[in-house]
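One structure is given here, and the rest of the page talks about it.
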Amino acid sequence: MPEFRLEPPPERSGFAEFPAVVEPPISDIPAPAAPPGPAEPVTWERTVTPSSEELLDRAVPLLLADARVRTALDGHRYVFLGASLLADDKDRTTPATLVLVHDYTDGRTLEITLDADEHPAVLALAESAAQPGLSDAETARAVAVARTHSEAVRRLPADHVPMVLLTSDVHEGDEHHGHRRAYVGFGPPDRRLPRVRVVVDLGEERVLGPGGGGDE
């Protein structure tokens, strides 16, 4: 069979790049700024912000001594959820402290504002049906109550760890409507899905039943 050989194509020069065109032409460009000189040291003081626990420890005695707060909570089961500073509130000229209290009896959350004077006083007290996240104390109590459930006692190995979530409210008319409830699941630390699940009523401190499908 004859052997075919093709000559390489001739070399051609590349296409020239077209220059950039700016219309209208740029003019009056300022000269580069002079390099900055040596910086002067700035004197500042570190601001120590108290933690939520510290704020709450300071606020609780003052709240329990206030007549409006005592009237709102008298005879009710409740829990102090936490406290935070309102120093960054753009509508506020002086810092204040916001304390959240959940009333288990009436299924409401109280939002209490304290001023930041040397002797703080209650500025406002409002209530809503919203349920903030679980406090550390509620989480610990939910786990303790869940561990008393028969399924947990029967099936819970020592190495299982708890996972606690605040459940959403049920429709009005349901017997659990307005109740603050926690979903508690126990499972191996290396598994995503818990093996034992229960729902705890935090106000009544009792287990309502299994917390869903799976292998309960």
Side-chain angles (χ1 to χ4, degrees), residues 51-66 68-84 97-112 125-189 191-216:
S51 65
S52 176
E53 291 77 12
E54 293 172 331
L55 291 172
L56 193 59
D57 289 342
R58 300 175 192 172
V60 167
L62 300 170
L63 296 179
L64 295 180
D66 184 86
R68 284 180 294 174
V69 177
R70 288 202 311 270
T71 300
L73 298 177
D74 186 34
H76 293 216
R77 290 199 71 245
Y78 59 88
V79 60
F80 287 95
L81 297 176
S84 59
T97 301
L98 176 67
V99 180
L100 297 182
V101 184
H102 188 76
D103 177 3
Y104 293 124
T105 303
D106 288 346
R108 58 178 179 164
T109 297
L110 303 180
E111 301 178 358
I112 307 173
L125 188 155
E127 64 177 68
S128 71
Q131 293 199 19
L134 296 169
S135 66
D136 292 342
E138 286 182 308
T139 299
R141 191 162 68 250
V143 172
V145 173
R147 289 187 184 276
T148 65
H149 186 50
S150 59
E151 282 295 298
V153 172
R154 180 174 64 88
R155 301 179 52 197
L156 196 58
D159 63 340
H160 278 26
V161 295
M163 177 189 70
V164 185
L165 298 173
L166 179 68
T167 66
S168 57
D169 199 1
V170 291
H171 295 294
E172 190 172 354
D174 189 285
E175 62 175 321
H176 302 301
H177 173 65
H179 289 217
R180 192 165 170 83
R181 298 170 302 132
Y183 166 96
V184 184
F186 296 95
R191 297 279 299 276
R192 293 184 58 186
L193 295 178
R195 297 186 59 185
V196 177
R197 309 174 182 90
V198 295
V199 175
V200 174
D201 187 313
L202 289 166
E204 299 179 0
E205 293 196 353
R206 67 185 181 94
V207 176
L208 301 178
D215 57 353
E216 278 83 13

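All values below were derived from every heavy atom in this structure, side-chain atoms included, with hydrogens, water molecules and symmetry-related copies excluded.
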Between [X] (side chain) and [Y] (backbone), is there a donor-acceptor pair under 3.5 Å?
X      : Y      : answer
Asp169 : Gly178 : yes
Thr97  : Ser84  : no
His102 : Arg108 : yes
Arg70  : Ala65  : yes
Thr105 : Arg77  : yes
Arg181 : Ser168 : yes

Polar side chain donor-acceptor pair, Arg197 to Tyr183, under 3.5 angstrom: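 Yes.
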
Which pair of heavy atoms, one from [X] and one from [Y], lies closest together, and at what distance?
X      : Y      : value
Asp66  : Arg68  : OD2-N, 2.9 Å
Ala182 : Val164 : CB-CG1, 4.1 Å
Leu134 : Leu165 : CD1-C, 3.9 Å
Ala83  : Ser52  : O-OG, 2.9 Å
Ala59  : Val99  : CB-CG2, 3.8 Å
Ala146 : Val198 : CB-CG2, 3.5 Å

Electrostatic pair Asp201:Arg206 at N-O distance under 4.0 angstrom: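 No, this pair does not count.
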
Is it true that, when you exclude Asp136 itself, more than 12 heavy atoms of the residues, nucleotides or ligands shown sit nearer than 6.0 Å to its CG?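 For Asp136, atom CG is not crowded (no more than 12 foreign heavy atoms under 6.0 Å).
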
When you compare the side chain of Val170 with that of Glu175, does any pair of heavy atoms fall below 4.5 Å?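 Glu175 vs Val170: side chains apart.
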
I need the [X] [atom1] to [Y] [atom2] distance, nearest 0.5 Å.
X      : Y      : atom1 : atom2 : answer
His176 : Leu208 : NE2   : CG    : 5.0 Å
Asp57  : Ser51  : CG    : OG    : 8.0 Å
Leu193 : Met163 : CG    : CE    : 8.5 Å
His160 : Arg195 : NE2   : CZ    : 4.5 Å
Leu63  : Leu73  : CG    : CG    : 8.5 Å
Thr71  : Leu125 : OG1   : CG    : 10.0 Å

May I have the step-by-step check of side-chain contact (heavy atoms from CB on, under 4.5 Å) for His149 and Val200, ending in yes or no? CA-CA 10 Å; His149 186 50; Val200 174; over 6 Å; no

In this structure, which one of Leu166, Val101, Leu100 forms a side chain to side chain contact (heavy atoms under 4.5 Å, CB included) with Pro132?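 With Pro132 as partner, side chain to side chain contact (heavy atoms under 4.5 Å, CB included) holds for just one option, Leu100.
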
Evaluate the side-chain contact (heavy atoms from CB on, under 4.5 Å) criterion for residues Phe80 and Leu64: first the C-alpha distance (whole Å), next the side-chain angles of each, then the deciding distance (0.1 Å), finally the verdict. CA-CA 11 Å; Phe80 287 95; Leu64 295 180; 4.1 Å; yes

